[in-house]
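Take a look at the structure set out below.
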Amino acid sequence: MKIETKITEAVKAIVEELYGQQVPAKMVQLQETRPEFEGQVTLVVFPFTKMSHKAPEQTAQEIGERLKERLPEVISGFNAVKGFLNLSISSQQWISILQDIYENPNYGFTPVTEESPLVMIEYSSPNTNKPLHLGHVRNNLLGWALAKVMEANGNKVVKTNIVNDRGIHICKSMLAWLKWGNGETPESSGKKGDHLIGDYYVAFDKHYREEVKQLVAQGMDEEQAKQEAPLIKEAHAMLVKWEQNDPEVRALWRKMNEWVYAGFDETYKALGVSFDKIYYESETYLEGKEKVEEGLQKGFFYRRPDGSVWADLTSEGLDEKLLLRSDGTSVYMTQDIGTAKLRFQDYPIDKMIYVVGNEQNYHFQVLSILLDKLGFKWGKDLVHFSYGMVELPNGKMKSREGTVVDADDLIATMVADARQMSADKVNKLEDITEEEAQEIARIVGMGALKYFILKVDARKNMLFNPEESIDFNGNTGPFIQYTYARIRSILRKVEEQGARGKEQEDSSETKPLSCPLPLAPCPLALSEREISLIQKLQGFENAVKQAGTDYNPSCIANYCYDLASEYNRFYHDFSVLREEDEQKRTFRIALSAAVGQVIKNGMGLLGIEVPERM
RNA sequence: GGUCCGGUAGCUCAGUCGGAUUAGAGCAACAGCCUUCUAAGCUGUGGGUCAUGGGUUCGAGUCCCAUCCGGAUCACCA
């Protein structure tokens with residue numbers, strides 16, 4: 001049983017005994033003891049002073065005495081300061097807690113079973129007319145981490161991606177390629193497919209603006225010029241042809257999208273993200289109409305004289321929302337209703353999470369209401385995992401102004417920086433091959449990037465300064481990875497010693513120690529530093545739960561940092577392998593192994609790999 | 001204008017259910033620590049009107065109200 005549960009139950013019983021009142025578990029507030037006081041766990045007794053009719057300190061004192069009597073094997077001492085009862089937990093207890101953690105490789109995770117609810121997470125959802133940028137990176141990393149976190153909390157997770165592969169923006173790229181491309185392909189140019197298409201999208205925009213400028217110079221007003229420019233008319237004509245299934249347009253469209261997908265796949269692979277099911281808007285965009293018609297018949301929506309269909313949400317405190325244009329074509333909202341329908345056909349969804357930027361808060365508020373009206377059981381409490389924008393020092397990223405931080409560039413820079421960093425190190429790794437060095441640089445560079453993004457609260461806007469490279473020191477991914485590598489270095493030495501004389505297994509996986517922990521009870525007296533490390537380890541379970549209920553991966557990132565710092569302090573102050581007392585040494589090895597395991601699992605939830613050496 | 005979100009050190013960010021006299025990290029600056037398990041580390045110094053004003057209570061960065069500042073959104077765009 002968890003130590004906090006034991007104490008909570010004991011306190012409840014004691015309060016009833018002393019003051020004759022039953023109190024809810026929630027009233028028993030336990031927290032970590034502040035470092036300046038003795039003890040590790042603190043009970044806040046203020047809530048009980050009303051029942052005791054005594055001063056806080058006195059109340060704390062009498063509860064403390066009873067607690068010690070009741071749990072002699074747990075509590076080795078206590079002190080009361082004001083309304084705070086600081087409890088010292090016996091070393092034995094701590095060791096037995098460590099043992100539980102150490103022996104359970106999935107410590108902190110709730111297993112997924114047949115009965116687990118099914119959570120679908122939509123993330124990434126790119127347009128196919130330009131390469132991915134930093135904003136997409138944030139989306140992808142958050143989506144992936146959230147999926148991992150939900151899984152760790154005992155949910156079946158289906159990761160999905162809805163690719164926006166149709167529309168006027170694609171036609172712009174296609175048209176530009178036809179006009180100025182001279183048959184350029186990824187192969188002929190050596191460009192990544194998504195970048196190639198992106199270049200033509202930019203080219204279209206450049207020529208288009210030129211045309212608008214000329215028309216304005218000839219006296220047309222700007223709004224009209226934007227409509228009348230020959231290029232945009234041509235693009236629209238192409239879209240119409242696409243919708244009419246024109247074979248030539250469709251063939252070109254397929255070819256160019258294939259290029260983009262090949263490019264995206266590389267980026268996704270580098271980011272370490274993947275999907276269980278990909279939907280394409282070209283296949284789903286007509287689906288929503290039927291549902292809208294259904295809603296119309298049931299009287300949820302209404303048709304205006306011009307033929308357009310609307311939902312009146314004024315009773316919900318919102319506006320009226322267009323669902324079908326007067327020409328009968330669908331809009332964004334209609335499409336999302338359509339994909340919802342398809343998804344529900346494909347999977348028995350219990351909860352739907354959309355990882356989409358906070359600029360679409362209103363959209364999802366409306367979507368939730370509409371899906372609920374249309375009878376989707378998960379519609380009402382669908383989760384819009386709404387994350388903030390990535391801002392640059394001079395504001396938002398704007399593709400037209402060329403202030404976009406390209407995902408592939410950023411990844412390459414991070415890996416190159418990591419490579420440089422290890423080359424500059426004083427204590428370099430010897431006997432390492434070029435491939436190993438490159439692999440370490442990849443893990444560390446990506447770790448730095450991912451941690452940089454995931455450590456901040458998802459819903460807040462965050463700042464990225466391209467002038468200053470992402471750090472590798474301090475509160476960073478590499479700091480945590482480094483801690484892990486240090487632990488692995490110790491454990492390798494232990495394994496070598498243990499394996500001496502025996503046959504060496506060549507699995508490089510983290511394997512359990514050959515030497516078992518001393519069984520509790522054992523006479524070891526632990527230092528404060530060791531105890532607080534175990535206490536930190538114990539906090540992992542909470543961090544995972546919190547991250548799950550709050551939909552907040554940054555909890556995990558901050559937890560991993562705390563744990564790694566605590567271990568580094570321990571590492572600095574104590575020796576593991578050179579400790580002469582056999583029991584102490586075994587204990588510290590196990591402690592290190594447990595920390596390493598939790599770091600690996602925690603970072604794994606963030607999609608961050610940890611290196612054996614660095 | 002309506003709605004939603006944010007404002008904590010020079011900079012980037014933590015701060016669980018409201019908890020301790022001194023609100024924490026990291027970066028940047030300065031000063032120390034490598035013959036010892038990996039110095040991508042450890043230790044120390046300086047740096048704050050938690051946007052502002054009220055309220056709630058044993059106690060408020062945290063909850064409530066008002067105000068100021070910043071952002072998003074309110075399309076027959078997606």
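Quick note on labels: first sequence line is chain A, next is B, and so on, each numbered from 1.
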Are R304(A) and E320(A) ion-paired here, with the side-chain N under 4.0 Å from a carboxylate O? yes
Just to confirm, is there a sub-4.0 Å distance from OP1 or OP2 of G6(B) to any side-chain nitrogen or oxygen of R459(A)? yes
Under-3.5 Å donor-acceptor pair between T476(A) side chain and A40(B) base: no
Classify the nucleic acid contact of F479(A) as base, sugar-phosphate or nothing, counting any heavy atom under 4.0 Å across all strands shown. sugar-phosphate
Gap between atoms NZ and P, on K321(A) and C74(B) respectively (whole Å): 7 Å
Rounded to whole Å, CZ of R613(A) lies from C1' of U38(B) at a distance of 10 Å
Check this one for me: any side-chain N or O of R325(A) less than 4.0 Å away from OP1 or OP2 of C77(B)? yes
Reckon V44(A) touches a base, only the sugar-phosphate, or nothing at all at heavy-atom distances under 4.0 Å? base
Is C64(B) syn or anti, taking syn as a glycosidic angle within 90° of 0? anti
Complement of U21(B), any strand, by Watson-Crick or G-U distances under 3.5 angstrom: none
Whether D581(A) and R585(A) form a salt bridge (side-chain N of Lys/Arg under 4.0 Å from carboxylate O of Asp/Glu) is what I want to check. no
I'd like to know if R303(A) and E293(A) make a salt bridge, using a cut-off of under 4.0 Å between side-chain N and carboxylate O. yes
Think R459(A) forms a cation-pi with Y387(A), using NZ or CZ under 6.0 Å from the six-ring centre and within 45 degrees of its axis? no
When you match Q365(A) and D327(A) each to their closest nucleotide on RNA chain B, which lands nearer the 5' end? Q365(A)
Could you tell me whether L30(A) contacts a base, only the sugar-phosphate backbone, or nothing, with contacts defined as non-hydrogen atoms closer than 4.0 Å? base
Watson-Crick/G-U partner (both atom distances under 3.5 Å) of C30(B): G44(B)
Pick the closest RNA chain B nucleotide for Q29(A) and for Y482(A) by heavy atoms, then say which residue is nearer the 5' end. Q29(A)
Pair partner, G1(B) [Watson-Crick or wobble, under 3.5 Å]: C74(B)
Whole Å only: how far is the OH atom of Y567(A) from the P atom of A39(B)? 12 Å
Note: K600(A)-E609(A) ion pair, threshold 4.0 Å (strictly below): no
Cation-pi, W253(A) ring and R166(A) (6.0 angstrom, 45 degrees): no
Would you please determine if the base of G19(B) is stacked by F46(A), with stacking meaning a centroid separation under 5.5 angstrom and planes under 30 degrees? yes
Please determine, for G6(B), whether a Watson-Crick or G-U wobble partner exists with both distances under 3.5 Å, and give it or none. C69(B)
K460(A) NZ to G70(B) C1', in whole Å, measures 14 Å
Does C37(B) have OP1 or OP2 sitting under 4.0 Å from an N or O in the side chain of K493(A)? no
What does M614(A) touch in the nucleic acid at a heavy-atom separation under 4.0 angstrom: a base, only the sugar-phosphate, or nothing? base
Would you please determine if the base of A20(B) is stacked by F84(A), with stacking meaning a centroid separation under 5.5 angstrom and planes under 30 degrees? yes
So, does R529(A) get its side chain near the phosphate of C42(B), meaning an N or O under 4.0 Å from OP1 or OP2? no
